[in-house]
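Heavy atoms only: backbone and side chains are in, while hydrogens, waters and symmetry mates are out. Residue numbers start from 1 in every chain, and the chains themselves are labelled A, B, ... in the order their sequence lines are given, proteins ahead of strands.
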Amino acid sequence: MRLLGLVAMAAYAFLIGPLLIVVGSAFGGTRYLRFPPEGLTLRWFGEAMAQRRYLDALEVSLVLACVVTVLSLLIGVPAAYALARRRFPGRAVLDAVVTLPLVLPSMTIAVSLALTFARAGILSNPVRLVLSHLVICAPYVVRVVLPVIEQADVAVEEAARSLGASPLATFFHVTLPAIRGGVLAAALLALIVSIDDVDIALLLCNPAHPTLPMLVYAQVQYGPSPIVGAISALLILGSAAVMLMCQLAIQLRRRV
Amino acid sequence: MLLLAPLGLLLSALFIYPMLDMGRTSLGPSGWSLASYGRFFGQAQYVDALLRSLRLGLVVTFLSLLIGYPTAYCLVRARGDRAVSLLLLATFPLWISAIIRAFAWQIILGRGGALGRLMHHLGLTEEPFQLLYTFTGVAIGLMQLMLPVTILGLYAVIRRVPADLEQAAQSLGATPFRAALLVTLPLSARGIASCGVLTYALSLATFATPSIVGGPRTHLMTTIIYEQAMDLLDWRFAATVSCLLLTLGLLAAGLNIGLGRVGIARR
């Protein structure tokens, strides 16, 4: 038993340690990142903030992620509802196909989309990015929301219908409140998938207007740059803050 | 039916059709020919990359399961606030972009990096060494990428095994370790296999980590696709390599459905 605990501790060190090293080295004074850091400075954080292109790329990524998330919900939630509540021929096939974009290599999805966009003459940068991210985000919404709808009670919906509510009113006043946790989780997941994507963006996006992961990928090619270090440190610390808030929220809810 | 139309349209126009189009492209501009596939299997560097990808997947999957299972087991058995903290901490790396995690290994494994300097300092190596741009380095980076996914998958698997069975074994005289090893482990075998297939499929599919940690000296299927498409602009060959990688991905997906459960986790 103690052995299992030791393995688990080693696993945690292996998972979290490298992230701490990135944060630590971002405060070092050398031109190439080193750990342990030499000297102590906030200089790279200032330089990262001073460079327009990182802020521009962040803006591209955030706007893209928000648009893609809204569209993914609009496409995914009704589809999940139909898959959960209706029986129709081909349901099993659709259920399997919707999982495929999530498990197949995104690089192959990127190549196939690049070929199709080129053939169809779709050259507009934002359109290419939104469409390609929809392919990987909308299926996540379906997969996350589908089991939540399946667990929600049909009887309540039927009661609303028998009392004269229209299907649309039933969905918005009865079903949606019951599944809002699942929808929220799906939205978060779609946001993260879009913000994190680099494979598809690299093949489809115009490098003149890169997303943040594309820009970081391009910078990292030249070795451990301290500016990338500062940006990474900010992202890691920001995520850690959000995670701590989640944990506090969970613990408070348990106590109450 | 109207509810399904947007999703159906999205998947058929932007997923299924492009995939078929890519298959057609790999078979040549005019007529049908396997020449592009012949070129792939005729050149040692491409076959090497395929074998390297397959081998890397095996190493990463085996080690992730080996380390992930005890970790997931401890997570399932933990109680209260501690359990919540440990679970959130295990998922934390998933919040951080794969590129940033690869960047961390660049700092650690590179020449004059943290690991090399530590080893030198301890007198374990004469020369400063680097694992960056090696197979071992990519395996380390990829494992850190996959481990949270494996742990979460195994966590769900182990939770489904009733804890009572272990207690029964213990009341009959088994030590806790033997009970875990001889009761819970065999009962979770199918789920472990399913997690293993998922980890394997995801490690074959990863691009950013092998590209940053492995560099041009450690080519894998995904990095060849990128190089052919973006550096050499040979989209037909990129489509060919993609089709081969896609076949492996579909095999893994089919295997997982066969194992009774479709994996829905992500990189």
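- Contact of B:Y226 with chain A is made through backbone and side chain together, with heavy-atom distances under 4.5 Å.
- Here the CD1 atom belonging to A:I236 is positioned 5.5 Å from the CD1 atom belonging to B:I100, to the nearest 0.5 angstrom.
- In this structure, the separation between CE on A:M107 and OG1 on B:T206 is 11.0 Å, given to the nearest 0.5 Å.
- For B:L75, the part sitting under 4.5 Å from any heavy atom of chain A is the side chain, from C-beta outward, and nothing else.
- One distance of note links CG of A:D199 with OG of B:S211; it measures 9.5 Å at 0.5 Å rounding.
- The parts of B:S85 that come within reach of chain A are both its backbone and its side chain, each placing non-hydrogen atoms under 4.5 angstrom from that chain.
- Using a 4.5 Å cut-off between heavy atoms, A:V242 contacts chain B through both its backbone and its side chain.
- A distance-only check finds a donor-acceptor pair linking the side chain of B:Q106 to the backbone of A:V220 [under 3.5 Å].
- Using a 4.5 Å cut-off between heavy atoms, A:S225 contacts chain B through its backbone alone, with no side-chain atom that close.
- Ring centers of B:F207 and A:Y217: under 6.0 Å apart, within the cut-off.
- Only the side chain of B:M230 comes within contact range of chain A, judged by heavy atoms closer than 4.5 Å.
- Neither the backbone nor the side chain of A:A10 comes within contact range of chain B; no heavy atoms are under 4.5 Å apart.
- If you measure heavy-atom distances from A:L113 to chain B, the contacts under 4.5 Å come from both the backbone and the side chain.
- Interface remark: A:R119 contributes side-chain atoms only to the contact with chain B (heavy atom separation under 4.5 Å).
- Note: B:L250 leads B:L204, B:L66, B:L250, B:I151 in heavy-atom pairs under 4.5 Å with chain A.
- For the atom pair CG (B:L14) and CD1 (A:I136), the distance works out to 12.5 Å, reported to the nearest 0.5 Å.
- Of the two parts of A:F88, only the side chain, counted from C-beta on, holds a non-hydrogen atom closer than 4.5 Å to a non-hydrogen atom of chain B.
- No part of B:L132 comes within reach of chain A, as not one of its non-hydrogen atoms sits under 4.5 angstrom from that chain.
- Interface residue B:L246: backbone and side-chain heavy atoms are both found under 4.5 Å from chain A.
- In this structure, chain B has a heavy atom under 4.5 Å from the side chain of A:S25, while its backbone stays farther away.
- Using a 30° and 60° split on the angle between ring planes, B:W105 and A:F14 fall in the tilted class, from 30° to 60°.
- For A:L244, no part lies near chain B; criterion is any non-hydrogen pair under 4.5 Å.
- Residues B:Q144 and A:L15 have side chains in contact (heavy-atom distance under 4.5 Å, counting atoms from C-beta outward).
- In this structure, the portions of A:L202 lying under 4.5 Å from any heavy atom of chain B include both its backbone and its side chain.
- With a 4.5 Å cut-off on non-hydrogen atoms, B:I99 touches chain A through its side chain but not through its backbone.
- Rounding to the nearest 0.5 Å gives a distance of 9.0 Å between CG of B:L245 and CG of A:L104.
- Proximity of B:M22 to A:T116: side-chain heavy atoms (C-beta onward) are nowhere separated by under 4.5 Å.
- Put simply, the side chain of A:Y12 never gets that close to the backbone of B:T71: no donor and acceptor are under 3.5 Å apart.
- Using a 4.5 Å cut-off between heavy atoms, B:I212 contacts chain A through its side chain alone, with no backbone atom that close.
- When side chains are defined from C-beta on, A:S112 does not count as touching B:D21, because their heavy atoms never get closer than 4.5 Å.
- Contact of the A:V7 side chain with the B:Y69 side chain is not registered, since no non-hydrogen atoms from C-beta on lie closer than 4.5 Å.
- In this structure, no portion of B:M221 lies under 4.5 Å from any heavy atom of chain A.
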